[in-house]
Amino acid sequence: MSGGTYLGMPSFPVAAKTATHDGRLRGNMHRAMNTIRTRRARAVSELDDWAQLRQAGKEIKDRALRHLDEYLLQIEERVTEAGGHVHWAADAAAANRIVAGLAKAAGAAEVVKIKSMATQEIGLNEALAAEGIDAWETDLAELIVQLGHDRPSHIVVPAIHRNRSEIREIFRAEMGRNGRPAPDDLTDRPADLAEAARLHLREKFLRAKVAVSGANFLIAETGTAVIVESEGNGRMCLTLPETLISVVGIEKVLPTQRDLEVFLQLLPRSSTAERMNPYTSMWTGVTAGDGPSDFHLVLLDNGRTETLADEVGRQALRCIRCAACLNVCPVYERAGGHAYGSVYPGPIGAILSPQLRGIDNPVDASLPFASSLCGACYEACPVAIDIPEVLVHLRERAVEQPGHGAERAVMNAATWLLDHPAALAAAERAASATRKLHPRTLNLGPAAAWSDTRDLPEVPSESFRAWWRKQHR
Amino acid sequence: MTDRELILQRIRSAVANAPEPPEIARDYAERHHHGEPAELVELLAENLTGYRARVHRADDAGLPALVARLLAEHGDTSVAVPADLPAEWLSALTIDVRPDAPLSAVELDRTSAVITGCALAVAETGTIVLDAGPGQGRRALTLVPDHHVCVVRVPGQVYPSLPLAVPELDLRRPLTWISGPSATSDIELDRVEGVHGPRTLDVILLG
Amino acid sequence: MRVALFATCVNDALYPSTAIATVRLLERLGVKVDFPQAQTCCGQPQYNSGYRKQVEPLVTRMVNTLAEYDYVVTPSGSCAAMVRNHYPRIDVKSTELAPRMLELTEFLVDVLGVEDVGAYYPHTVTYHPSCHGLRMLGLGERPRRLLKAVRGLTLLELPAADECCGFGGTFAVKNPDVSAAMGADKVAHAEETGAEVLCGADNSCLMHLGGLMRRSGSALRPVHLAEILASTEQEVAR
């Protein structure tokens, strides 16, 4: 019916090909995804007003985005009043420069970090390393990723592609090189692995001068930052060091305190399938005698305002990074997170990365096509981001890029044929007349992409159109 | 142009033609459970237990003995307390009591337990909120020791739901919401209780 | 009541038996159905591939061809969803056509008010609900209720039924490895049920699954829902 781009095959399919043939990865992902899907469905079904909460979540975010300038100024004012400092970073380089400068000013040769998508997006750890500052990830999964010289593959559970025995090997090999070693008799029981992480990280928490975090929400009305977590590494970082630097995307704003009653119902159930996550921290500026005496909020743009300017695409900025869309996505489950070539994998990554980074590179140009448009992501999204709608919208932008000439010609030809029923009928007759000659496989272009694994359909002896004409002569 | 001006300008031009969003329809439930106060306390206990906190009940007279028993059973040798914790709560203790004068992080790390009150609790979610108010101390206190004993006055401090509890909070204070002991599901989504925060959370419902 | 059949391009060219079955089924139920011959394709392949401009003449064609009918019935959830959900965003002149486009099971259950269509099909069947019918149209239990009422038919529950089969239009050729991996899992689930027939309401999905099944030598047969519902004691489909 329609052609495919076999000229300049884009990146996602190439990366996904490897993943689909990695038996261990497929097994790890399949088990994990099935577990989290079932749990989430149960957690959501507990609330009979889920649809209303979802609608409120969407509307609150839309309001925040529509008046983002006013809310950001309000946050700046409140945070400053409460003894904090606000910095504005138009792009990754600016944000990295600010954080490195603050860490140096605090006399720190290392920082402890809370899991943060924004700092991964801007490559902060690498930027700090270039300035001679070590950045230690303290979330268990991020620690596994960091020690394994690996990349995260999931927004909430970044080491989901690893199983327990792989994690044990990473801890045994790497912990000693970076601090307190793993015990010699470390088993692969999750409780023992968590204990090893506790001991390894505790010495880092106790000596750290500077912590770096993101934030899940910024409350404009009060200037409050909110972090939702499970392990307590967040609380350690937010409480023990003297200096706290929070790098937060400008879209994280919620207008009012009351909005928390919506998002603290939506987020835990959507992300970890819990009624409530173990720990949530909220702070406004600094508090004398309690926690850091020096607080810096870095407001990050890095492509967000450009996304905001896109009428269809801006809904991606409602995202609260819960990963519900990843967990229900059949493509993500088979391709794995790394195939998306971005810190934001899965369906939300497929619409966020090309918007934040631009669509003019092969990876980002391939991402809008990394979906069967089945709609499971939209159904699961707690802020009702119509991901399939944005994917199709971004496909329209992607095919404007070079390399789609052949496909466009096929599409034009198809449309011409389909707009000329007599010609279509003639084509159908020709296909039927030669049907015995049609092979079940072809090794050229899109037909090969089909028939490597699937037989081509048989052409019938006559089209429906031809049958109808005979019946109604 | 500064980054601040640049970002604000980009936002304004991005949303210039965007429609004004509708009034937010807050037609979600104010609460999901409509029981009497005693039933809410039950619900709180159930949800806390569900997340592996250990829940106990006491009246004012029985509290000191219960506190002493919980610390003894856990094998605690020292306990940190906020400077303003009611002295009678500690009256049956024979172990080393360390008022937060303040204690250094290293001292806290060498203290095995902590006792505090709380600001309020949310029954539907099994959540205790600390706001550094009376009897709660600063945030580090309830974080570094491995055993947290938290006293909730019932039914007075128990709110049914988030929509009824959130307006009661003062966001200018540092807030810590606790729903069970620290946990992780980072390894094969297998839940493990106890990573960096207190691995044992004892909640005493006092009333 | 004036009723038109929208056969869809896939059924017209590759699966005429499905469109024929739809006509026979509707006629058996007393509905006179017309096939306006100027119809071709709803334009979904172009739309979902990012060629929106190429869809516009097809929308115009659909609107002009089907304007005079009370209902347009189609044996494809995906094509029905394209017209009903996406057309109004592409061209405002489609706003009258859009709500009158019904997928076959919607027309049977909601308009005709039947669940037992008098069919006979002595086989074990498992049903795959294709995504666009499931999520965009909200077909819900309609197809399974119709199947359950078929005499001689044993309906076996498909594990992980809600998960996409991996077809996804051009996705099948742009991401062939993931598409095939998803399809292989769907086929494995269908085989687990022990059914003879894998039934669906979208031939594009069945073309993908059928291609995988034929390649792997599976004993399962893909059959469109319309063909099962059209079959009777006198005329048993495949």
Side-chain angles (χ1 to χ4, degrees), chain A residues 32 35-36 47 49 52-53 55-56 59-60 62-63 66 68-69 88-90 94 140-141 157 159 163-164 167 190-191 193-194 197-198 206 219 222 224 230-233 235-236 239-240 257-258 260-261 264-265 272 275-284 287 289-291 301 305 308-309, chain B residues 2-4 6-8 10-15 18 20-22 24-29 32 47 51 102 105-106 109 122 124-127 132 138-140 143 162-163 166-167 169 171-190 192 194-198:
Chain A
T35 307
I36 189 78
L47 297 185
D49 60 338
Q52 288 82 2
L53 285 165
Q55 181 64 22
E59 289 174 0
I60 291 167
D62 281 346
R63 172 159 294 270
R66 177 64 185 80
L68 193 55
D69 55 335
W88 302 69
L140 178 54
V157 206
N163 65 30
R164 59 187 72 193
I167 295 167
L193 296 168
R198 175 185 172 95
L206 292 176
I219 312 295
T222 56
T224 307
S230 297
E231 295 169 9
N233 64 307
R235 292 179 65 195
M236 291 280 176
T239 310
L240 298 182
Q257 172 167 354
R258 200 182 164 190
L260 284 173
E261 72 194 29
L264 290 179
Q265 293 192 74
T272 51
R275 276 189 294 271
M276 189 58 83
N277 51 289
Y279 296 137
T280 299
S281 296
M282 305 185 190
W283 72 98
T284 307
T287 305
D290 190 343
D301 180 345
T305 48
L308 186 64
Chain B
T2 64
D3 279 15
R4 180 176 182 276
L6 183 63
I7 292 171
L8 290 170
R10 284 178 183 168
I11 291 170
R12 285 167 189 149
S13 85
V15 299
E20 186 60 25
I24 295 155
R26 294 184 188 267
D27 53 356
Y28 47 85
H32 297 91
N47 285 333
Y51 284 139
V106 172
D109 191 42
V122 186
E124 274 186 14
T125 57
T127 303
R138 64 199 169 100
R139 287 172 285 172
L143 172 64
L162 291 189
V166 167
L169 298 170
L171 293 197
R172 287 167 305 180
R173 310 179 68 88
L175 300 181
T176 305
W177 297 32
I178 300 172
S179 308
S182 102
T184 184
S185 300
D186 278 353
I187 300 167
E188 296 181 16
L189 296 173
D190 205 345
V192 175
V195 194
H196 303 294

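Atom set for the values below is all heavy atoms of this structure, side chains included, hydrogens, waters and symmetry mates excluded. Note on naming: letters A, B, ... go to the chains in the order of the sequence lines (proteins, then strands), and numbering restarts at 1 for each one.
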- Does any non-hydrogen side-chain atom of P190(A) lie less than 4.5 Å from one of R164(A)? yes
- Task: For chain A, find which of R4(B), E20(B), R10(B) contributes the most heavy-atom pairs closer than 4.5 angstrom.
- Result: R4(B)
- Closest non-hydrogen atom pair between E59(A) and A25(B), with its separation: OE1-N, 2.7 Å
- Query: Side chain, backbone, both or neither: which part of L6(B) has a heavy atom under 4.5 Å from chain A?
  - Reply: side chain
- Task: Using non-hydrogen atoms and a 4.5 Å limit, figure out which bit of P174(B) sits close to chain A: side chain, backbone, both or neither.
- Result: both
- Task: Heavy atoms only, distances under 4.5 angstrom: which of Q52(A), R198(A), R275(A) has the most pairs with chain B? Name it, please.
- Result: R198(A)
- Using a cut-off of under 4.5 Å for heavy-atom pairs, which of R63(A), E231(A), Q55(A) has the most such pairs with chain B? E231(A)
- Please look at A191(A) and chain B and tell me whether the side chain, the backbone, both or neither of the residue comes under 4.5 angstrom of a heavy atom of that chain. both
- Among the options G180(B), P22(B), A183(B), A140(B), pick out the one with the most heavy-atom pairs lying under 4.5 Å from chain A. A183(B)
- Message: Between T239(A) and chain B, with a heavy-atom cut-off of 4.5 Å, which part of the residue counts as in contact: side chain, backbone, both or neither?
- Response: side chain
- Task: Examine whether an atom of T127(B) lies under 4.5 Å from a heavy atom of chain A, and if so say whether it belongs to the side chain, the backbone or both; otherwise answer neither.
- Result: side chain
- Task: Name the option with the most non-hydrogen atom pairs under 4.5 Å to chain A; the candidates are T125(B), T2(B), D3(B).
- Result: D3(B)
- Item | Selection from V106(B), L8(B), D27(B), L143(B) maximising heavy-atom pairs under 4.5 Å formed with chain A | L143(B)
- Message: Heavy-atom cut-off 4.5 Å, strictly under: side chain, backbone, both or neither for V192(B) against chain A?
- Response: side chain
- Query: Highest number of heavy-atom pairs under 4.5 Å with chain B: which of A89(A), A94(A), G289(A), A32(A)?
  - Reply: A89(A)
- 4.5 Å side-chain heavy-atom contact, S230(A) and P278(A): yes
- Message: Using a 3.5 Å distance criterion without hydrogens, assess whether the side chain of Q257(A) forms a donor-acceptor pair with backbone atoms of T222(A).
- Response: no
- Residue selection (most heavy-atom pairs with chain B, distance under 4.5 Å) from D301(A), V157(A), D49(A): D49(A)
- Min side-chain heavy-atom separation L169(B)-L175(B) under 4.5 Å: yes
- Item | Between Q265(A) and E261(A), a side-chain donor and acceptor under 3.5 Å | no
- Message: Tell me which of these, D109(B), I187(B), L171(B), has more heavy-atom pairs under 4.5 Å with chain A than the rest.
- Response: L171(B)
- What option among D62(A), T35(A), N163(A) has the most heavy-atom pairs under 4.5 Å with chain B? N163(A)
- Query: Do the non-hydrogen side-chain atoms of L260(A) and L162(B) ever get within less than 4.5 Å of each other?
  - Reply: no
- Query: Does a side-chain heavy-atom distance below 4.5 Å link W177(B) with L264(A)?
  - Reply: yes
- Task: Flag the pair N47(B) / M276(A) as yes when at least one side-chain heavy-atom distance between them is below 4.5 Å, and no otherwise.
- Result: no
- Message: With heavy-atom distances below 4.5 Å as the criterion, would you say the side chains of I178(B) and R235(A) are in contact?
- Response: yes
- One option among R26(B), E124(B), R173(B) has the most heavy-atom pairs under 4.5 Å with chain A, and it is R26(B)
- Task: Count the heavy atoms belonging to other residues, nucleotides or ligands that lie under 6.0 Å from CZ of R172(B), then report whether that count exceeds 12.
- Result: no
- Item | Residue part contacting chain A, namely of P181(B), when any heavy atom lies under 4.5 Å | backbone
- Item | Side chain to side chain, W283(A) and T224(A), heavy atoms closer than 4.5 Å | no
- Report the option among L140(A), L193(A), D290(A) that has the most heavy-atom pairs separated by less than 4.5 Å from atoms of chain B. D290(A)
- Task: Give, as side chain, backbone, both or neither, the part of I60(A) having an atom under 4.5 angstrom from any heavy atom of chain B.
- Result: both
